[in-house]
> 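Let me give you the structure first, and then I'll get to my questions.
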Amino acid sequence: MLERAPILRQLREDLGYYPAVGLVGARQVGKTTLVRRIAADRPGETVYLDLQLPSNRQLLTDAESYLRSRRDRLVVIDEVQTMPELFPILRGLIDEDRRPGRFCILGSAAPELLRSTAESLAGRISYTELQPLALAELPDGDSEVHWLRGGYPVAYLTTDGERRARYFRDYLQTFVGTDLRDLAGGADPEGMRRLVLMLCHLQGQALNVSQLARSLGVATTTVGRYLDVLSAAFLIRIVRPLLPNLRKRLTKAPKVFLRDSGFLHGLLNIETFEALLSHPVVGGSWEGYVGEQLRAVMGTEVELLHYRSAKQHELDYVCEHPKFGRLGFEVKRSNAPTLSASFCTAVDDVEAVHVYVVTPGAQRHPIGDKITVVSIREVLDFLAGQ
C-alpha cells in the first residue's frame, strides 16, 4: 500500500475539529482507500455508503431519518456529487449537533461543482483535495518512472506500458460517459472525449477556445463549459497568465495542461520512457509534470501563473510564495540548460526574488545573483522546508 501520510494526518486533524470533512479529487487517486484507513481506527464506529451502489442509495430513501439514527457514528458518503439533494439534509443535521467528526464526504469534483455545497455547508465543513501521488511522497522513487507513469496509484504500480495505456483509455471512456456528462448538464460524451484527446496534443500551449470550437463543430460557449467541467473534475489545469503592472504588451491567453502525466501519456499511447523522449509532447509533458509537483509541495493556496510578453519573453511559472516572496521557475529537460537573453529579460520583467531553472537531475549551481539551476528533487525539498 502506498503511504499518503501528510494528507492522512490532515484528515484526522480535521475530523477532530469540523462536523464534516470533504475529501475531493479525481477518480482512482485513492480517496476511498484513504478513508477506509481512517475507518479502521474506529472499528464499529463508522458507516460507509457508496452512492454508486443501488443498495446504498436505497438506504437513503429517507436520508434524514437514516442519518439521524446514526448520529453516534462517523458516516462516510462516497461519490456524493451523484446525490446533491443530501447537502441541505446534512446542513440541518449538523446544525442540530455540531460535534466534530460526524460526516466525511468524498467527491470526484471540486466543491464549487458540487451543487449547493457552498450555500448549505459553509462554515461546517473543511475540504481537502487528494491529488495523484506526488514525487515528494516517494523519497526513493525514480522521477523518470514517476513522470512516465503518473500519480494514479494503479497506473504507477503497473509496469506494463500497454496495460497502463489501456487503463487510461478505459478511464476516460467511462468518466466522460457518466460523471462528466452529468456534471456538465447532459453534455455530449463523445464531444468531451474528443476535446480531451485534442488537449493532449496542446499540452503546455496557449488555450484557444475558438479554435477548439471550430475543430469540434460546436459553439465556443460549449467548449468553455466543457473546459470548466474538466478543470473542476481535476483532469486539466488551466494556468492563468501573470499580468503585472508593466508598460508592456502581454500575452493574456492561459495555458492548458492535462494534470497527470501518466494520463497524458496513456491517452497518447506512450508506453516507454524512450518513446516519451522522442514524442513531440515531451517538452509540454515535462513542464506540466514539474508544475504539478511544485503545487503538491507548496499547497493549493499558492497559485502558479505563467508569463509571456508580446515579444516572447517567457517564464514558465511565477508564484507569490508566503515565505519566500515572488519566485520564478523555468522548466528545462536538459541537465546543462542554455538560457536565452529572452529568458533573462522575462526574469527582470517579473521582478522575482529568485528564479529556479528546474531540470531532471542537474547539480545545483548559480547563474548570476538570483538564478539557480537545480534538480527537481532539490527544488521540491527546498520548498517543502527540508
> Of all heavy-atom pairs between G107 and V80, which one has the smallest distance, and what is that distance?
CA-CG1, 4.3 Å
> How would you list, by chain and number, every residue that makes a salt bridge (charged side-chain N to carboxylate O under 4.0 Å, His left out) with E303, sequence neighbours excluded?
R240
> Show me the donor-acceptor pairs within less than 3.5 Å that the side chains of residues 253-268 make with the rest of the protein, sequence neighbours left out.
from	atom 1	to	atom 2	distance (Å)
K255	NZ	E287	OE2	2.7
K255	NZ	E314	OE2	3.4
R259	NH2	E129	OE2	2.5
D260	OD1	G151	N	2.7
D260	OD2	G262	N	3.1
D260	OD2	F263	N	2.9
S261	OG	W147	O	2.6
H265	ND1	W147	O	3.4
H265	ND1	L148	O	2.9
H265	ND1	S261	O	3.1
H265	NE2	S285	OG	2.7

> Please check if L53 and V35 belong to a single hydrophobic cluster, counting links between Ile, Leu, Val, Met, Phe, Trp and Tyr side chain heavy atoms closer than 4.5 Å.
no
> Determine whether M192 and V229 make a side-chain contact, defined as any pair of heavy atoms from C-beta on separated by less than 4.5 Å.
yes
> Do the side chains of K31 and D78 get close enough for a salt bridge, i.e. N-O under 4.0 angstrom?
no
> Taking NZ, NE, NH1 and NH2 as the nitrogens, is one of them in D50 or R57 under 4.0 Å from a carboxylate oxygen of the other?
no
> Count the heavy atoms belonging to other residues, nucleotides or ligands that lie under 6.0 Å from CD of Q58, then report whether that count exceeds 12.
no
> Go through it in stages, so that I can follow the logic: the residues are E79 and S108, the test is side-chain hydrogen bond (donor to acceptor under 3.5 Å, both in side chains), and I'd like the CA-CA distance, side-chain angles, deciding distance and then a yes or no.
CA-CA 7 Å; E79 299 301 342; S108 300; 3.1 Å; yes
> Looking at A341, is its backbone amide N or carbonyl O close enough to the side chain of T345 to form a donor-acceptor pair, meaning the two atoms are under 3.5 Å apart?
yes
> Would you please classify the geometry between the H321 ring and the F324 ring as parallel, tilted or perpendicular, with 30° and 60° separating the classes?
tilted
> Which heavy atom of L74 sits nearest a heavy atom of R42, and at what distance?
CB-NH1, 3.7 Å
> Mind telling me whether H146 and Y156 have parallel, tilted or perpendicular rings, with 30° and 60° as the class edges?
perpendicular
> Hey, is R166 close enough to E162 for a salt bridge, meaning N to O under 4.0 Å?
yes
> Could R164 and E271 be called an ion pair, given the rule that one side-chain N must be under 4.0 Å from one carboxylate O?
no
> Heavy-atom distance under 4.5 Å between the side chains of R194 and L216, does that happen here?
yes
> Within 45° of the ring axis of Y66 and under 6.0 Å from its six-membered ring centre, is that where the NZ or CZ of R70 lies?
yes
> Are L327 and L383 packed together at the side-chain level, in the sense that at least one heavy-atom pair is separated by less than 4.5 angstrom?
yes
> Quick check: does any side chain N or O of S278 sit under 3.5 Å from a backbone N or O of A275, one acting as donor and the other as acceptor?
yes
> Does H365 reach the main-chain N or O of Q363 with its side chain, forming a donor-acceptor pair under 3.5 Å?
yes
> Specify the closest pair of heavy atoms between Y226 and G191, including all atoms of both residues, with the distance to one decimal.
CE2-C, 4.3 Å
> For E330, does its backbone N or O pair with a side-chain atom of D316 as donor and acceptor, under 3.5 Å?
no
> Does Y289 belong to the same Ile/Leu/Val/Met/Phe/Trp/Tyr cluster as L277, with side-chain heavy atoms less than 4.5 Å apart forming each link?
yes
> How about Q81 and L51: do any of their side-chain heavy atoms sit closer than 4.5 Å?
no
> So, T359 side chain and V374 main chain: donor-acceptor pair closer than 3.5 Å or not?
yes
> Do I105 and F87 come close enough that some side-chain heavy atom pair is under 4.5 Å?
yes
> Is a donor on one side and an acceptor on the other found under 3.5 Å between the side chain of R27 and the backbone of A233?
no
> Any carboxylate oxygen within less than 4.0 angstrom of a Lys/Arg side-chain nitrogen, looking at E378 and R364?
yes
> Could you tell me which non-hydrogen atom of R98 sits nearest to which non-hydrogen atom of I94, and how far apart they are?
CG-O, 3.1 Å
> With the 4.5 Å side-chain cut-off for hydrophobic clustering, are L133 and L157 part of the same group?
yes
> So that I can tick it off, tell me whether E137 and R4 are bridged by a salt bridge, with the cut-off set at under 4.0 angstrom between side-chain N and carboxylate O.
yes
> Any donor-acceptor pair under 3.5 Å linking the side chain of W286 with the backbone of V331?
no
> Could you tell me whether a side-chain N or O of Y48 sits under 3.5 Å from a main-chain N or O of T32, the two making a donor and an acceptor?
no
> A side-chain contact here means heavy atoms from C-beta on lying under 4.5 Å apart; do L135 and I376 qualify?
yes
